[in-house]
Amino acid sequence: MELNIDFSQSHTWRYLLGADLRGSLSCNDSSHSYSGSIRTYLQGVDSRENESSTFATNDFLVKADFLSDEQMFELRNRLSVFEMSVCPKIGVTVSDTAVFGGMPLRNWDLFKSISRAIPVMPSAPMSVGSSWEREYHIPVKTAQGQETGELYQVFRLDSVVVDKGVQTEAYISWLFSYRVSADHSDNAQASTPMSGSGIGTAVIDIPKQRILMSNASFEIDHYDNCKTELQENVHIELIR
């Protein structure tokens with residue numbers, strides 16, 4: 001069977017996005033915990049080629065106990081102009097991957113969160129139990145300079161719902177790993193500054209070729225002068 005997303009099926013797309021973060025920061029003999037959440041709509045329209053769609057955040061609510069009022073104001077400003085493109089067989093791209101790079105968000109990046117939560121469709125027909133892979137490189141700005149985030153995902157078609165002889169929904173799942181490798185070989189702290197792993201699930205409407213919902217849970221560890229541990233859950237659900 002073919003698994004695909006066709007943005008020509010609708011002129012507009014609207015998804016509810018929720019991202020919840022819990023983290024801890026340990027420095028020397030002290031440590032503290034922090035949390036954050038984002039609730040927003042991803043509003044998109046189909047492209048001219050109907051192979052991708054551009055999405056922007058809309059009507060967002062942000063809570064983050066580790067940001068000052070000034071930082072929160074700046075974050076909201078950046079969310080108001082945030083745009084990304086979703087291509088079914090490539091994944092998520094964004095015009096400016098450094099949109100949050102200058103913000104001290106404790107390694108919380110909405111773009112990377114969405115990248116982990118949106119599945120990539122296979123380039124060949126699949127049957128239940130079949131799997132496919134995807135590797136994606138993300139430019140990352142850190143205190144040490146320009147680095148590269150490497151996202152690797154292994155997807156699997158778990159099951160297909162059949163109603164009156166018609167395939168209606170496909171359930172897929174995936175595992176992924178994430179790490180940041182430095183582009184500068186003389187960086188003493190660059191061996192494994194950030195790494196993580198997680199799992200995801202999604203439901204695909206087969207006749208209408210669209211993602212109905214998607215979930216991803218992942219953990220990331222970041223080692224610098226301090227140790228940062230993050231746990232994040234991301235949920236995306238089609239509204240219309």
Side-chain angles (χ1 to χ4, degrees), residues 1-15 17 42-56 83-97 109-140 148-163 165-181 195-218 234-238:
M1 63 169 292
E2 297 282 349
L3 276 179
N4 196 23
I5 303 301
D6 183 0
F7 288 107
S8 68
Q9 295 281 352
S10 176
H11 178 66
T12 62
W13 299 78
R14 189 171 175 85
Y15 283 88
L17 167 68
L42 293 176
Q43 185 74 43
V45 296
D46 55 322
S47 69
R48 294 179 181 178
E49 296 83 10
N50 297 328
E51 294 177 353
S52 64
S53 183
T54 299
F55 286 85
E83 287 189 355
M84 67 175 192
S85 176
V86 179
C87 181
K89 290 183 170 56
I90 296 177
V92 180
T93 58
V94 67
S95 58
D96 180 8
T97 55
D109 190 314
L110 181 61
F111 165 56
K112 290 194 283 290
S113 300
I114 298 173
S115 297
R116 301 182 190 107
I118 293 183
V120 175
M121 297 297 100
S123 56
M126 294 286 118
S127 57
V128 173
S130 297
S131 62
W132 62 99
E133 301 176 355
R134 177 241 196 177
E135 186 173 0
Y136 186 60
H137 298 273
I138 306 171
V140 178
T148 301
E150 300 175 357
L151 177 64
Y152 176 72
Q153 295 168 300
V154 179
F155 299 90
R156 183 179 186 272
L157 176 57
D158 293 325
S159 62
V160 173
V161 176
V162 179
D163 184 14
V166 178
Q167 295 176 327
T168 58
E169 294 180 348
Y171 287 75
I172 66 175
S173 62
W174 62 92
L175 303 174
F176 71 80
S177 61
Y178 177 76
R179 69 187 180 93
V180 173
S181 59
S195 61
S197 61
I199 59 174
T201 60
V203 181
I204 310 297
D205 184 325
I206 299 175
K208 295 185 178 180
Q209 296 184 309
R210 58 187 182 181
I211 300 172
L212 296 178
M213 65 177 61
S214 177
N215 296 277
S217 300
F218 46 91
V234 178
H235 177 74
I236 299 171
E237 184 172 348
L238 181 68

Atom OG of S177 and atom CD of E150: how far apart are they, to the nearest 0.5 Å? 9.0 Å
From CE (M121) to CD1 (I5), nearest 0.5 Å: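 The CE atom of M121 sits 5.0 Å away from the CD1 atom of I5.
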Polar side-chain atom of [X] near backbone of [Y] as donor-acceptor pair, under 3.5 Å:
X    : Y    : answer
S214 : A117 : yes
D163 : V166 : no
T168 : V161 : yes

Would you say the side chain of [Y] lies within less than 4.5 Å of the side chain of [X], judging by non-hydrogen atoms?
X    : Y    : answer
E237 : Y15  : no
F218 : S113 : yes
I114 : M84  : yes
E169 : V160 : no
I118 : V86  : yes

Do you know which two heavy atoms are closest between [X] and [Y], and how far apart they sit?
X    : Y    : result
E2   : P125 : OE2-CG, 3.4 Å
W13  : R210 : CZ3-CB, 3.4 Å
F176 : L151 : CD1-CD1, 3.8 Å
W174 : N215 : CZ2-O, 4.1 Å
I211 : I204 : CG1-CD1, 3.8 Å
A170 : L157 : CB-CD1, 3.9 Å

Consider side chain to side chain donor-acceptor pair (under 3.5 Å). Of R179, E133, R134, which one does Y152 pass it with?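 When R179, E133, R134 are each tested with Y152, the side chain to side chain donor-acceptor pair (under 3.5 Å) holds only for E133.
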Only pairs at least two apart or in different chains count here, so list each salt bridge (charged side-chain N to carboxylate O under 4.0 Å, His left out) that has a residue in residues 151-160.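 Every salt bridge (charged side-chain N to carboxylate O under 4.0 Å, His left out) pair that includes a residue of residues 151-160, provided the two are not neighbours, is R156-D158.
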Over 60° means perpendicular and under 30° means parallel, so classify the ring planes of F7 and F55, tilted if in between.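 Judged by the thresholds at 30° and 60°, the geometry between F55 and F7 is perpendicular.
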